Amino acid sequence: MGRPVVVWRSALLPGSETFVRNHGAYLTRWSPAYLGATRITSALSLPSDVIAFPDGKGFLRLRLTGSSPRLTAALRTLNPAVVHAHFGGDGWLVARAAAAVGAPLVLTVHGHDVTRQPNTPGPLGIRYRRNLRDVFRRARVILAVSDRIRTRAVSLGADPDRVRVHHTGIPLPASLTPTTPRWDVAFVGRLVEKKGVADLLTALRRTPAKAVIIGDGPLLADLRAAASGLDVTFTGSLPPDEVAAHLAASRMLAVPSRTAADGDEEGLPTTILEGAAYGLPVVATRHSGIPEAVLDGETGLLGDEGDVAALAANIEHLLADDALRAKLGAAGRAHVVENFDLVKQSAKLEDLYDSLAQKAIRPGAPRSVA
């Protein structure tokens, strides 16, 4: 067993947040324990998860004040050398408890926590921005999933010297098995406005492409209606192995993300990395951190947000050119292997934990006097 790190997510754990579960799964020198405020029933929820408020009692106090004796007690029992929180609001919830047990706090900001949520109008927005500035002060290191998200965090009050880009990474398939394509275009993601699926459906009307839409969300019914007359299959949410099978049987991946009306933005969609890992070229938009993962003309083709004509043209271009698809797909996989391999990214995290743990002063430990 390695040194203990507590991975904190208040709602533990939505089925779409594989990046949180992968966080601990690929650590080798550190031993992860998952701590949450409440349990979410999903494929990613595990019996070993520690839930601080299983009966819900006391959680309201934490949400209102950022302080909870019950959370502090749960954290002290786990005795972490480091606490790593995902999302800004969740980081604020655990920051005081981490300080109380003497564990340095690492915070990862992902997207909506520094794009949509800070734009919330009225008292809720004021409170959220205040809490965000507070956790930025308390966190020893702030990790941003893309350069765009780093810029947003700094603009909201984070010390630039504490914020660094850390690409989350994905597990890479050991090998690629040639598969007869079943789909021309695949989309994987939650069906919400920022994912741009409505733009994709409009673009598909200008192409002969056969598409699969993998995912669920509040826009599912509207998008099904908008797809009337198209050769599009909606699968709903699928487990990772089935998603991988659909990607392997597709000619390209579409990621038509855009800024939502409420300001919500992507961080860096992991679906891009997953598709590229299977050798798929990606058609996407110049949105948030996407250009860090899709190199235009090298690993995929980019267009502007909301430019349906460009999206359709890029899809048709790749459909018509087998050699270009193969070239971009191979380059995309190489880019992911070099920059987004979860094994490599997890090793970097452990180096960070090592550094923080060496500097940490535990409660009751002797302090040096300058």
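Treat the numbers as computed from the prediction; the structure is a model and nothing was measured.
The existence of a salt bridge linking D134 and R96 is confirmed by a sub-4.0 Å separation between a basic side-chain nitrogen and an acidic carboxylate oxygen. Salt bridge present: E266 and K195 bring a charged side-chain N and a carboxylate O closer than 4.0 Å. The pair R251-D184 counts as a salt bridge, with a side-chain nitrogen and a carboxylate oxygen less than 4.0 angstrom apart. Salt bridge status for R152 with E265: absent, with no side-chain N to carboxylate O gap under 4.0 Å. Checked for salt-bridge contact, D322 and R325 meet the test: a charged N lies under 4.0 Å from a carboxylate O. Salt-bridge check for R3 with D354: failed, with every basic side-chain N at 4.0 Å or more from each acidic carboxylate O.
Considering CG of L247 and OH of Y278, their distance stands at 7.0 Å, rounded to 0.5 Å. The distance from the CD1 atom of I51 to the CZ atom of R39 is 4.5 Å, given to the nearest 0.5 Å. To the nearest 0.5 angstrom, I149 atom CD1 is 13.0 Å from L143 atom CG. Rounding to the nearest 0.5 Å places CD1 of I170 at 9.5 Å from OH of Y26. The CG atom of L191 sits 6.5 Å away from the CG atom of D216 when rounded to the nearest 0.5 Å. Separating the OG atom in S68 from the CG atom in L62 is a distance of 5.5 Å, to the nearest 0.5 Å.
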Between H112 and H110, is a ring pair (Phe, Tyr, Trp, His ring centres under 6.0 Å) present by the stated rule, with each step listed? CA-CA 7 Å; H112 69 81; H110 289 272; 8.5 Å; no
Take S257 and E305, measure what side-chain contact (heavy atoms from CB on, under 4.5 Å) needs, and give me the verdict at the end. CA-CA 7 Å; S257 302; E305 289 186 30; over 6 Å; no
Starting from the C-alpha separation in whole Å, work towards a yes-or-no answer on side-chain contact (heavy atoms from CB on, under 4.5 Å) for L349 and W30. CA-CA 10 Å; L349 263 188; W30 284 71; over 6 Å; no
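When all heavy atoms of P32 and V7 are compared, the pair lying nearest together is CB-CG2, 4.4 Å. Considering every non-hydrogen atom in both A103 and V83, the closest pair reads CB-CG2, 3.9 Å. The minimum heavy-atom distance linking L132 with G88 is given by the pair CD1-CA, 3.8 Å. Residues S288 and R148 come closest through the heavy atom pair OG-CG, 3.3 Å. The two residues V232 and A227 come nearest to each other via the heavy atoms CB-CB, 4.4 Å.
A 6.0 Å sphere centred on CZ of R205 holds more than 12 heavy atoms belonging to other residues, nucleotides or ligands.
Remark: R21 qualifies as a cation-pi partner of Y34 under the 6.0 Å distance and 45° angle criteria applied to the six-membered ring.
Looking only at distances, a side-chain donor or acceptor of Q345 sits under 3.5 Å from a matching main-chain atom of H167. In this structure, K210 contributes its side chain and T233 its backbone to no donor-acceptor pair below 3.5 Å. The closest donor-acceptor contact from the side chain of S346 to the backbone of L342 lies under 3.5 Å. Distance alone, capped at 3.5 Å, places no donor-acceptor pair between the R258 side chain and the K194 backbone. Side chain of R162 to backbone of I142: no donor-acceptor contact under 3.5 angstrom is found. Side-chain atoms of S355 do not come within 3.5 Å of backbone N or O of D351 as any donor-acceptor pair.
Taking 4.5 Å as the limit, some side-chain heavy atom of E17 sits within range of a side-chain heavy atom of F87. Looking at F136 and V163, their side chains never come closer than 4.5 Å, going by heavy atoms from C-beta outward. Taking 4.5 Å as the limit, some side-chain heavy atom of D90 sits within range of a side-chain heavy atom of S10. Annotation: side chain of L318 is in contact with side chain of L328 (closest heavy-atom distance under 4.5 Å). The side-chain heavy atoms of L200 and L204, taken from C-beta on, include a pair separated by under 4.5 Å. Considering only heavy atoms from C-beta on, L35 comes within 4.5 Å of L71 through its side chain. Considering only heavy atoms from C-beta on, R29 stays 4.5 Å or farther from V5 through its side chain. Residues F340 and L268 are in side-chain contact: their nearest non-hydrogen atoms beyond the backbone lie under 4.5 Å apart.
Considering V294, T271, N314, L273 as possible partners of V282, the one that fulfils the side chain to side chain contact (heavy atoms under 4.5 Å, CB included) test is V294. Exactly one residue among L46, V20, I40 makes a side chain to side chain contact (heavy atoms under 4.5 Å, CB included) with L13. That residue is V20.
Between H84 and Y353, the ring planes are perpendicular. Angles over 60° get that label, and only those under 30° would be called parallel.
Remark: the E298 side chain and the H335 side chain contain no N/O donor-acceptor pair separated by less than 3.5 Å.
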